[in-house]
Amino acid sequence: MFGCCVAGRLLQTNLQQVDETHALFELPNASSINHVCVFLLGTVPFPEGYGATVHFNWPGKGFQLLGMLSNEKPSAIFRLRGTFSSSTSYAAFDAMETQTTSSPSDVTAMLGISIEPLQQIQPQIDALHPSVTALAVAKPSITQNPSLLAEKIVKHLFNFVSSYSGGPASSQTVVPLSLITKWYENFATKIKTTGTGFLEREE
């Protein structure tokens, strides 16, 4: 059901089953790993309402939450270097941790996958990125409010056209179609490169 890949190495599908909802990948020579990609193989989807949390274990440090997978997000790349901070051990994987032995020069880390209900996963992900969550609650994006977004877009068009008319546009101002085309191209480029942030700044 799962696969993982470390840059420069072969794809791993040698999952070790811990129980029905928990599994592990061993990552040999872990000191040389910067990023790891974890993904669904596409053969078996998650049951409705379920996903998986992904955990990383550096020997002696316990399991640390990296992120999640779901049917809507079937793959993710996680940065490992610099994330080997101590954390609470993840109980379901404790028995497996003691089975992995390695010398200091050849550390074998583990990647744990835990299948859980999405309603249990989301609070864990929110706790992992508290600043992002707090910002989203404090100031909702204009993309979440269609009428506000439409108003901002129309205002942007009006200001753009006015800047070419030599003064404030009136109901009698004739606007060439080429000017609207130019606005659209500029607008689309800004959306692709910077998102909608510029609309909120142009007050």
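These numbers come from a predicted model, not from an experiment. Numbering starts at 1 and runs along the sequence shown.
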**Request:** Taking all heavy atoms of L24 and all of G112, pick out the closest pair and write down the distance.
**Result:** CD2-CA, 3.6 Å
**Request:** Evaluate the side-chain contact (heavy atoms from CB on, under 4.5 Å) criterion for residues S31 and W58: first the C-alpha distance (whole Å), next the side-chain angles of each, then the deciding distance (0.1 Å), finally the verdict.
**Result:** CA-CA 9 Å; S31 59; W58 185 264; 4.1 Å; yes
**Message:** With heavy-atom distances below 4.5 Å as the criterion, would you say the side chains of L69 and F2 are in contact?
**Reply:** yes
**Pairwise distance CG(L15) to SG(C4) - rounded to 0.5 angstrom** = 8.5 Å
**Asked** Side chains of T108 and P59: does their closest heavy-atom pair fall under 4.5 Å?
**Response** no
**Request:** Could you list the residues that satisfy side chain to side chain contact (heavy atoms under 4.5 Å, CB included) with S70, not counting sequence neighbours?
**Result:** M68, E72, K73, L118
**Prompt:** How far does OG1 of T13 sit from CG of L41, to the nearest 0.5 angstrom?
**Reply:** 7.0 Å
**Message:** Do Y184 and I153 sit in one hydrophobic cluster, given that two such residues count as connected whenever their side-chain heavy atoms are within less than 4.5 Å of each other, even indirectly?
**Reply:** yes
**Item:** Gap separating the NZ atom of K61 from the CD atom of Q64, nearest 0.5 angstrom
**Value:** 10.0 Å
**Item:** Neighbour count above 12 (heavy atom, 6.0 Å) for Y50 OH
**Value:** no
**Asked** Which is it for I33 and R9 under the side-chain contact (heavy atoms from CB on, under 4.5 Å) test, yes or no, and what are the steps along the way?
**Response** CA-CA 10 Å; I33 299 175; R9 302 186 187 182; 3.5 Å; yes
**Asked** Can any side-chain N or O of Q17 pair as donor or acceptor with the backbone N or O of D19 at less than 3.5 Å?
**Response** yes
**Asked** Mind checking whether M1 and F46 have side chains closer than 4.5 Å, heavy atoms only?
**Response** yes
**Fill in**
Correct closest heavy-atom pair for I113 and A52 would be CG2-CB, 3.8 Å
**Request:** Using modelled atom types only, decide if a donor and an acceptor are shared between the side chain of N57 and the backbone of A109 within a distance under 3.5 Å.
**Result:** no
**Prompt:** So how far is it from L111 CG to Q12 CD, rounded to the nearest 0.5 Å?
**Reply:** 8.5 Å
**Item:** Joint hydrophobic cluster, I180 plus F187, side-chain heavy atoms closer than 4.5 Å
**Value:** yes
**Request:** Measure across N71 and L40 and return the closest heavy-atom pair with its distance rounded to 0.1 Å.
**Result:** OD1-CD1, 4.1 Å
**Asked** Which atom pair, heavy atoms only, marks the closest approach of F39 to S75?
**Response** CB-CB, 3.6 Å
**Item:** side-chain hydrogen bond (donor to acceptor under 3.5 Å, both in side chains) assessment of E116 paired with T53
**Value:** CA-CA 7 Å; E116 305 171 31; T53 50; 2.8 Å; yes
**Asked** Stepwise, does the side-chain contact (heavy atoms from CB on, under 4.5 Å) test hold for Q124 with L65?
**Response** CA-CA 8 Å; Q124 297 179 61; L65 179 64; 3.8 Å; yes
**Item:** Spacing of N14 atom CG and Q16 atom CD [to the nearest 0.5 Å]
**Value:** 7.5 Å
**Request:** Check the angle between the aromatic planes of F63 and H55 and answer parallel, tilted or perpendicular using the 30° and 60° thresholds.
**Result:** perpendicular
**Message:** Let me confirm one number: the CG-SG distance from L10 to C5, rounded to the nearest 0.5 Å.
**Reply:** 8.0 Å
**Message:** Tell me whether I77 at atom CD1 has more than 12 heavy atoms from other residues, nucleotides or ligands lying less than 6.0 Å away.
**Reply:** no
